[in-house]
Number of protein chains: 2
Amino acid sequence: MPPSPCSLQVNGAANTVQIASNPPHYLQGVDSLASIKRYGCDQEICGEACPAVYWFRVISGGARQCITRADGRRQIVELLLPGDFFGFCARNEYDFSVEAVAEGTRIACYPRQRIEATAERDPALARELRMLAFEAISRSQAQLLIVGRLTATEKVGGFLLAMSGRLSVGPADVVALPISRYDIADYLAISVETVSRSLTELRRRGLIAFTGTRRVRIIDRHSLEDLHGLSMQRRVPSFKPRFAA
Amino acid sequence: MPPSPCSLQVNGAANTVQIASNPPHYLQGVDSLASIKRYGCDQEICGEACPAVYWFRVISGGARQCITRADGRRQIVELLLPGDFFGFCARNEYDFSVEAVAEGTRIACYPRQRIEATAERDPALARELRMLAFEAISRSQAQLLIVGRLTATEKVGGFLLAMSGRLSVGPADVVALPISRYDIADYLAISVETVSRSLTELRRRGLIAFTGTRRVRIIDRHSLEDLHGLSMQRRVPSFKPRFAA
DNA sequence: CGAGTGGTTGAAATCCGTCAAGAATAGTGG
DNA sequence: CCACTATTCTTGACGGATTTCAACCACTCG
């Protein structure tokens, strides 16, 4: 878990620095090494095959981490919201690109070399990095199940629930979607039209309501959680009992 | 990259131990802490929600790492072959299960606590662990693109190429598939029947040939690599130019 | 106001999953 | 070594969930 909040002390004085870090987060111990950059909507934060000089953390706004094929097909592999880290890669070049999804997205950029050098001497920092990496593994593997084995409506319903969980600062039942339908589509690996149709379907069934194009109110959370097979379509893709096991 | 090969010396004698580690691999420095276990086909190596006591490495044989939903839908999130590590998780319980896919699969089990304790004092080990984790992130994110955005035939063709790359010890054009059609299906998130049909299709087009049910010869590697859109179906799922970008 | 973009909806096409039945293979025990 | 069986694999027919193609609406912004 992240270390408890602390105010950085510079020059011996008691003034807190701009990287004051309201919510506690990983890598707080090396925040002093990080620089903060601002990005416009759709602006590229790091590009595929670019030298991996930084690790990043979203401070405010959001970003999408994408992998793109030569023919243009794109998959958003991670939706990055405040507090999320990204930029980890095994080689010396990023194998993905990351773009801001909101105007004025602020990103903390940690110089990789220096952080790694620090980690050589600071086991606690090394452990934090490891935890961050392990969490990323869990997330993308969970996403594999979602992308591969859920129906479109299940994907969209689950996405709304996930967003309500991650963005919860208020009643948690009103979700302000941080990305467009196009991005939702590329995140869930379905088409834009299907995203739209699924949302309409959920509204029609009374599980959600719209207070704006990108503002959803979750009305029947329970049914939304039970979407799979129960409330929605009977079909469950590719589950074969395979005899008696 | 993994450290260079070394033969463990026990009791001062010059005899190499069973953990002789022919191909160099990560975590070699702590091989002496690992125990080796043997598993039968389909036998569970670690189960979902079980206490995460070990990290693992496949020595011989193979395994599938799965995430399963309550309703039975399953996704193989990683296909583990000799040299591959697994068992990393952010919490104290595995959020996946792993089962052997071959009779007599041998697994090296590294006690997590002890390895982590060692890593506290050994920055090089910590760096190795980090690299292993980063590679796992890259792999599963790449798999997300495959599962989400490729057609069935592209998936199967790419799978054959990937296997030929990972299993290459011989001519590299004859691939001995390590898993059943069912497992290929759950790995690529398609149905068994579609796996079978795609293989037949590739054979019909002269890109591959069978020397046995689970032995494939790659005949036209180039066409196999160019599958997307070119040699195969014209359709490319969900790529919309989205106006002028 | 018109252009540009995001979002929704409809109709038609299609890929793929399901269901079903065989064929091929592997495993077992006599 | 050969039935005999269980399992894997293949193939066909069919239906359905999604994609594609197309049109339209809403909103923003110059």
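Numbered from 1 within each chain, the chains take letters A, B, ... in sequence-line order.
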Within this structure, what is the [atom1]-to-[atom2] distance between [X] and [N], rounded to whole angstrom?
X        : N      : atom1 : atom2 : value
B:Arg214 : C:dA26 : CZ    : P     : 9 Å
A:Ile190 : C:dC16 : CD1   : P     : 16 Å
A:Lys155 : D:dT18 : NZ    : C1'   : 10 Å
B:Ile184 : D:dT10 : CD1   : C1'   : 14 Å
B:Leu177 : D:dT8  : CG    : C1'   : 13 Å
A:Leu150 : D:dA17 : CG    : P     : 15 Å
B:Asp186 : D:dT8  : CG    : P     : 12 Å
A:Phe210 : C:dG6  : CZ    : C1'   : 13 Å

Within less than 4.0 Å of OP1 or OP2 of [N], is there a side-chain N or O belonging to [X]?
X        : N      : result
A:Ser196 : C:dG7  : no
B:Arg181 : D:dT7  : no
A:Thr151 : D:dA17 : no
A:Arg149 : C:dG17 : no
B:Ser191 : C:dT18 : no
A:Arg197 : D:dA17 : no

Using a strict threshold of under 4.0 Å (side-chain N to carboxylate O), is an ion pair present between [Y] and [X]?
X        : Y        : answer
A:Glu103 : A:Arg38  : no
A:Arg149 : B:Asp186 : yes
B:Asp31  : B:Arg57  : yes
B:Arg139 : B:Asp84  : no
A:Arg197 : A:Glu201 : no

Given [options], the nucleotide with the shortest approach to the side chain of [X]:
X        : options               : value
B:Glu193 : C:dA11, C:dG7, D:dT11 : D:dT11
B:Tyr182 : D:dT8, C:dG6, C:dC16  : D:dT8
A:Arg203 : C:dT9, D:dT11, D:dC9  : C:dT9

### Query
Looking at A:Leu150, A:Ile146, A:Leu188, which one forms a side-chain contact (heavy atoms from CB on, under 4.5 Å) with A:Phe159?
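In the set A:Leu150, A:Ile146, A:Leu188, the residue that makes a side-chain contact (heavy atoms from CB on, under 4.5 Å) with A:Phe159 is A:Leu188.
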### Message
If we check ring pair (Phe, Tyr, Trp, His ring centres under 6.0 Å) with A:Trp55, which of these qualifies: A:Phe88, A:Tyr94, A:Tyr110?
### Response
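The option that passes is A:Phe88.
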### Query
Which parts of nucleotides 24-30 of chain D does protein reach within less than 4.0 Å, heavy atoms only, written one letter per nucleotide 5' to 3' as B for base, S for sugar-phosphate only and - for none?
-------
Could you pull out every donor-acceptor pair under 3.5 Å between side chains of residues 60-68 of chain A and any protein atom, sequence neighbours left out?
residue: A:Ser60; atom: OG; partner: A:Arg106; partner atom: NE; Å: 3.2
residue: A:Arg64; atom: NE; partner: A:Glu99; partner atom: OE1; Å: 2.9
residue: A:Arg64; atom: NH1; partner: A:Asp183; partner atom: OD2; Å: 2.8
residue: A:Arg64; atom: NH2; partner: A:Asp42; partner atom: OD1; Å: 3.0
residue: A:Arg64; atom: NH2; partner: A:Glu99; partner atom: OE1; Å: 2.8
residue: A:Gln65; atom: NE2; partner: B:Gln141; partner atom: OE1; Å: 2.9

### Query
Where does the angle between the aromatic ring planes of A:Phe56 and A:Tyr54 fall among parallel (under 30°), tilted (30 to 60°) and perpendicular (over 60°)?
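Rings of A:Phe56 and A:Tyr54: tilted, as their planes differ by 30° to 60°.
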### Angle of first-five versus last-five pair axes in the helix from C:dC1-D:dG30 to C:dG30-D:dC1, to 10 degrees
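Inter-axis angle at the termini of the helix from C:dC1-D:dG30 to C:dG30-D:dC1: 40°.
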### Query
Do we see a donor-acceptor contact under 3.5 Å between the side chains of A:Ser164 and A:Arg221?
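A:Ser164 vs A:Arg221: donor-acceptor pair found between side chains.
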